[in-house]
Amino acid sequence: MDIPKIFNISESAHRIHNPFTDAKFATLGAVLRLEPETRIVDLGSGSGEMLCTWARDYKITGTGVDMSELFSKQAKLRAKELGVENRVKFIHADAAGYVDNEKCGVAACVGATWIGGGVAGTIELLRKSLKDNGIILIGEPYWKKLPSTESIAKGCLANAISDFQLLPEFVESLEKLGYDVVEMVLADEEGWDRYEAAKWLTMRRWLEANPNDDFYKEVRAELDLAPKRHVTYTREYLGWGVFALMAR
Ligand code: SAH
């Protein structure tokens with residue numbers, strides 16, 4: 001069980017697998033006013049940067065679940081590196097349907113809402129692990145500028161324009177699900193560059209090191225397209241943020 005190989009290659013050197021920077025995660029942790037020993041469940045925890053740094057900075061505890069074997073391994077190493085391996089645990093598994101047996105104060109899915117079949121389904125799933133008055137965190141793209149054609153949406157690696165909404169509509173849709181939006185931290189273009197552009201050097205280095213790999217052609221094709229696609233589409237059209245929700 002694993003995620004598609006291209007991500008395990010192109011994002012192998014990423015600590016954060018979304019357009020957030022260290023500073024954005026620090027801001028998010030601070031604005032949530034996390035009490036020490038708050039328990040956090042994180043579905044699609046990637047390389048564990050959110051849980052590990054918050055365990056160090058805010059003394060939270062938590063469990064992350066991620067389907068990438070590589071990222072899960074990196075998350076465990078990061079916990080050791082930051083001296084928080086007694087506070088956070090990482091499970092390599094499919095997080096679809098994952099419900100923690102201990103209710104938590106914060107339940108998060110930051111950039112992986114397909115795990116619950118979309119935003120609404122993921123909120124439903126996270127709620128099953130959440131204490132009353134706990135906080136749900138959803139990291140999700142939105143349209144900064146509405147694409148005028150479906151091919152622009154595809155350039156942003158969306159399937160269709162209808163995959164995402166403009167920010168006001170997205171916030172309204174969260175409220176319509178019965179939640180107060182109690183905080184939000186939005187990514188910016190610098191964050192998109194860190195996420196996307198960091199893949200290019202990683203892919204280039206991988207190509208040099210793996211000239212005979214079956215996957216060489218695919219990675220070569222991706223590196224040919226990615227920089228131009230990023231500056232033409234994603235960077236211009238796509239926003240991304242983490243939204244903190246409490247049931248009304
Ligand atoms: N939240 C992390 C990672 C976001 S990227 C961060 O902010 O850095 C999306 C993550 O979802 C990847 O780490 C990928 O391995 C993971 N993923 C994809 N499908 C999954 C599934 N079905 N169950 C668990 N994790 C999944």
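Everything quoted here is computed from the prediction, not taken from an experiment. Both ligands and their constituent atoms are indexed starting at 1 by order of listing. Values below: all heavy atoms of this structure, side chains included; hydrogens, waters and symmetry mates excluded. Start at 1 with the first residue, then count along the sequence.
F243 and F170 have their aromatic ring centers within a separation under 6.0 angstrom. You'll find the ring centres of W240 and F20 inside the 6.0 Å limit.
Nearest protein heavy-atom neighbour of atom 9 (C) of ligand 1: G111 O, 3.4 Å. For atom 15 (O) of ligand 1, the nearest non-hydrogen atom of the protein is D66 OD1, 2.6 Å. The protein atom (non-hydrogen) at minimum distance from atom 7 (O) of ligand 1 is N18 ND2, 2.5 Å. The shortest contact between atom 8 (O) of ligand 1 and any protein heavy atom is with H17 N, 2.8 Å. The nearest heavy-atom contact from the protein to atom 25 (N) of ligand 1 is M67 N, 3.1 Å. In terms of protein heavy-atom proximity, atom 22 (N) of ligand 1 is closest to D94 OD1, 2.9 Å. Annotation: atom 2 (C) of ligand 1 to nearest protein heavy atom, G44 O, 3.2 Å.
Of the heavy atoms in I3, only side-chain atoms (C-beta onward) come closer than 4.0 Å to ligand 1. Contact annotation: for S68 versus ligand 1, heavy atoms closer than 4.0 Å belong to both the backbone and the side chain. For W114, every heavy-atom contact with ligand 1 shorter than 4.0 Å involves the side chain, none the backbone. Looking at S47 against ligand 1, nothing comes within 4.0 Å, counting heavy atoms. At a heavy-atom distance under 4.0 Å, only side-chain atoms of I115, from C-beta outward, approach ligand 1.
Residue-ligand proximity, A95 to ligand 1, at heavy-atom distances under 4.0 Å covers atoms 21 (C), 23 (N), 24 (C). Annotation for ligand 1: atoms under 4.0 Å from non-hydrogen atoms of F71 are 13 (O), 15 (O). Of all atoms in ligand 1, numbered sequentially from 1 with element shown, those under 4.0 Å from a heavy atom of S45 are 2 (C). Using a 4.0 Å cut-off to heavy atoms of I16, the atoms of ligand 1 that qualify are 8 (O). Taking a cut-off of under 4.0 Å to the non-hydrogen atoms of V110, the atoms of ligand 1 that pass are 1 (N), 2 (C), 4 (C), 7 (O).
Side-chain heavy atoms closer than 4.5 Å link hydrophobic residues (I, L, V, M, F, W, Y) into clusters, and following such links, even through other members, never connects I3 to M50.
In summary, the side chains of E169 and Y142 do not present any donor paired with an acceptor at a separation below 3.5 Å, with no hydrogens or angles considered. Under the 3.5 Å distance criterion, with hydrogens and angles disregarded, a donor-acceptor pair is assigned to the side chains of T63 and R39. Using modelled atom types, one finds no donor on one side chain facing an acceptor on the other under 3.5 Å when comparing D2 with H92.
When each of K199, R204, R229 is paired with E222, the salt bridge (charged side-chain N to carboxylate O under 4.0 Å, His left out) condition holds for R229 and for no other.
The shortest non-hydrogen separation linking H17 to S47 is NE2-OG, 2.7 Å.
Within the cation-pi definition used here (under 6.0 Å to the ring centroid, within 45° of the axis), K145 qualifies as a partner of Y237.
Once rounded to the nearest 0.5 Å, the distance linking CD1 of I123 with CD1 of I138 reads 4.5 Å. The distance from the CG atom of L166 to the CH2 atom of W143 is 9.5 Å, given to the nearest 0.5 Å.
For the pair W192 (side chain) and R235 (backbone), a donor-acceptor distance under 3.5 Å is absent.
Heavy atoms of A93 approach ligand 1 to within less than 4.0 angstrom. Between Y98 and ligand 1 there is no heavy-atom distance shorter than 4.0 Å.
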